[in-house]
Amino acid sequence: MNFDIAIIGGGPGGYNAAEKAAKLGMQVVLFEKEDLGGTCLNRGCMPTKALIHSAEAYESMLHAESLGIKTGEVTYDFAAMHARKAQVVEELRKGVEKLMKAGKIQVVYGQAQIAGPGVVTCGGETYEVKDIIIATGSKVAYPPIPGIREEGVYNSRDILEGEGKMFRSLIIIGGGVVGVECASIYRALGCEVTVLEAADHILPVMDKEIAQRLTMMLKKRGCKVEAKAMVQKIEGTPGSMTVTYLDKKGKETVVTAEGVLAAAGRCANVDGLFAEGVEIEMFKNAIVGDEVGRTSIPHIYVIGDAKAKNIQLAHVAEAQGANAVAVIAGKEPPIDMSVVPSCVYTNPEIAAVGVTEDQAKAMGIMPKAVKFLTGANGKCLIENTDSGYVKLVTDSANGRILGAQLVCPRATDMIGELALAVQKGITAEGLHAVIHPHPTFTEMISGAAALAEG
Ligand code: FAD
């Protein structure tokens, strides 16, 4: 069978690339071994956010009286929360299926293998194509900790699929985005949560101040958070698990809980992807690609989580897909990959874009950093939010906005405006000159811009 392009993997990288390629008039075949939508839609971004929504609604109802609302006993049904999550996922997946149909994209369900340049096999069939985009995503990575693959230790997939798993107590190994979002969900539902992070703060790739603020807020909500915690071993049986770790002073410490969640990172999913004899450049078991995804084999591209040294985010995978398809079609890549917003959907939300104050200094720029506190925003007071901030980092030489870090309600929605400001080189003065509606959380952005303007 002949096609212009084969895309392997139907996650946000793959299905968006397929749609773009079809719009450019290419004959597209898309291979997916599980479900369209990939990790993001089926067991990542969307299920976590659906559960976070339910958990936060429950938590806010527990405090309804402070808003003048009288309720009876507030309880929850975890299976029903998961059923709602499944409905959301199903609807989104059907949307992707329709999109593929509308683009006349041939979707082939099965494990695809690259037999050589321009040749893909799947389910006993051979497909001949001009170009291949690898979008096979990632899978859970396990650090070499004795007991981590034993029963009683779950991964994000185990707890997000089906009816989920509820625990009265849970130890989360890894304080990255997945770890802290799961901590937020379980804590909001009354579970005793302990987060163990090996680095010197949770959210290791984010600004230290953000991590400190989140640690404080998680602790205020009753989570235990231990940084510089080196897990030594995991023992026990489901329902009664023990984790032994060395704490920040090197002291052996033991914690027990009903379950353990392994959330210590993800690695590229390249299992069985290449037939024998296909040699492609790899780095740490992920596929090396240049800025538009060209690999060491001509006409084979890589995008998303399968790409080495990539930022593992759905919107990054999607943007890389758009760029790779454009390059294959002989066009300029349409998306600027230099400014990537990242978000954490905890309560309060966290979002960041561009550089931090320290990063600006390391680049030889004299930064000016200002913070607008949530306590000075009317909407935050109305909604009883925790203390947080909108921080802007500008270039003191010309006022340009270089970066922003937000810890506040709707941070994940507001970061888009700041990504635009960073990408377009807008100054604090320019941002402050834009009217922001009142009363809104976005007024914190113009407030911070006013502070930066001086
Ligand atoms: P994937 O989404 O992993 O899709 C790859 C697809 O390829 C899979 O469907 C797989 O079945 C298929 N595949 C693999 N090998 C083959 C093969 N040989 N043949 C055929 N098919 C194959 N990112 C965000 O931006 N925001 C979030 O809020 C967010 N939350 C997350 C929460 C969790 C719990 C997790 C685990 C991840 C989260 N992410 C989030 C990360 C996001 O899910 C990934 O960055 C994104 O899914 C990567 O997209 P992708 O297309 O590269 O790969």
Side-chain angles (χ1 to χ4, degrees), residues 6-18 29-53 85 89 93 96 107-115 120-123 127 132-141 154-161 164 172 174 176-185 261-275 286-287 289 293 301-308 310-322 324 340-346 349-351 412 415:
I7 296 171
I8 307 179
Y15 78 75
N16 281 298
V29 57
L30 173 70
F31 299 95
E32 172 50 58
K33 66 175 176 163
E34 291 190 72
D35 296 304
L36 281 179
T39 305
C40 174
L41 197 158
N42 298 290
R43 45 193 176 273
C45 328
M46 305 318 284
T48 42
K49 276 52 188 191
L51 291 173
I52 285 172
H53 185 64
K85 166 218 73 183
V89 167
R93 205 188 298 127
V96 177
V107 178
V108 177
Y109 287 96
Q111 164 109 17
Q113 188 174 60
I114 298 176
V120 177
T121 57
C122 184
Y127 299 79
I132 299 171
I133 296 182
I134 299 168
T136 50
S138 60
K139 58 182 181 176
V140 175
Y154 306 91
N155 62 37
S156 57
R157 183 170 187 154
D158 300 325
I159 62 163
L160 290 171
E161 283 186 338
I172 301 179
V177 178
V178 173
V180 297
E181 287 188 358
C182 290
S184 267
I185 297 172
L261 172 66
R266 298 180 64 80
C267 57
N269 189 4
V270 291
D271 301 340
L273 181 60
F274 300 104
I287 302 162
Y301 294 73
V302 61
I303 60 169
D305 284 12
K307 186 178 178 193
N310 213 39
I311 308 174
Q312 293 185 333
L313 289 172
H315 43 282
V316 170
E318 178 180 352
Q320 289 173 336
V340 177
S342 52
C343 300
V344 189
Y345 296 77
T346 41
E349 292 185 344
I350 290 170
T412 62
I415 201 69

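Atoms within each ligand, like the ligands themselves, are counted from 1 in listed order. Just so you know, residue 1 is the first one in the sequence shown, and it goes up from there.
Considering only non-hydrogen atoms, atom 49 (O) of ligand 1 lies nearest to P12 out of G304, G9, G11, P12. Between the choices C45, G37, G10, the shortest heavy-atom distance to atom 39 (N) of ligand 1 belongs to C45. Here atom 34 (C) of ligand 1 lies nearest to L160 when heavy atoms of I52, I303, L160 are compared. Compare C40, G179, G265 by their heavy atoms: the one nearest to atom 47 (O) of ligand 1 is in C40.
The backbone N or O of L160 lies less than 3.5 Å from a partner atom in the side chain of K85, making a donor-acceptor pair. The main-chain N or O of Y345 is found under 3.5 Å from a side-chain atom of E181 such that the two form a donor-acceptor pair. Between the Q111 side chain and the D271 main chain, a donor and an acceptor come within less than 3.5 Å of each other. Side-chain N or O atoms of N269 include none that pairs as donor or acceptor with a backbone N or O of A306 at under 3.5 Å. Under a 3.5 Å cut-off, the side chain of Q320 and the backbone N or O of G304 do form a donor-acceptor pair.
E161 pairs by the salt bridge (Lys or Arg N to Asp or Glu O under 4.0 Å) definition with R157, not counting sequence neighbours. Taking S138 as the reference, R266, D305 meet the side-chain hydrogen bond (donor to acceptor under 3.5 Å, both in side chains) condition, with sequence neighbours excluded.
Looking at ligand 1, you'll find an N or O of A314 within less than 3.5 Å of one of its N or O atoms. Below 3.5 Å of separation, one finds an N or O of D305 facing an N or O of ligand 1. For a threshold of 3.5 Å applied to N or O pairs, the pair formed by K33 and ligand 1 contains at least one separation below that value.
Counting heavy atoms under 4.0 Å from ligand 1, residue C182 does not touch it at all. Under 4.0 angstrom from ligand 1, the non-hydrogen atoms of L313 come from both its backbone and its side chain. Counting heavy atoms under 4.0 Å from ligand 1, residue V178 touches it through the side chain alone. Here R157 has no heavy atoms under 4.0 Å from ligand 1, in either its backbone or its side chain. With a 4.0 Å heavy-atom cut-off, ligand 1 is reached by the side chain of A317 but not by its N, CA, C or O. Of the heavy atoms in K49, only side-chain atoms (C-beta onward) come closer than 4.0 Å to ligand 1. At a heavy-atom cutoff of 4.0 Å, ligand 1 is contacted by no atom of D271, backbone or side chain.
No side-chain heavy atom of C122 sits less than 4.5 Å from a side-chain heavy atom of Q113.
Residues P12 and A314 come closest through the heavy atom pair CG-CB, 3.9 Å. Heavy atoms only, all atoms of each residue included: V177 and C343 are closest at CG1-O, 4.2 Å.
Of the protein's non-hydrogen atoms, G44 CA, 4.1 Å is the one closest to atom 37 (C) of ligand 1. Protein heavy atom at the shortest distance from atom 12 (C) of ligand 1 is E32 OE1, 3.3 Å.
Not a single heavy atom of G321 sits less than 4.0 Å from an atom of ligand 1. Heavy atoms of Y345 approach ligand 1 to within less than 4.0 angstrom. For the pair L41 and ligand 1, no heavy-atom separation below 4.0 Å is found. In this structure, Q113 has no heavy atom closer than 4.0 Å to ligand 1.
Counting heavy-atom neighbours within 6.0 Å of H53 NE2, excluding the residue itself, gives a total of 12 or less.
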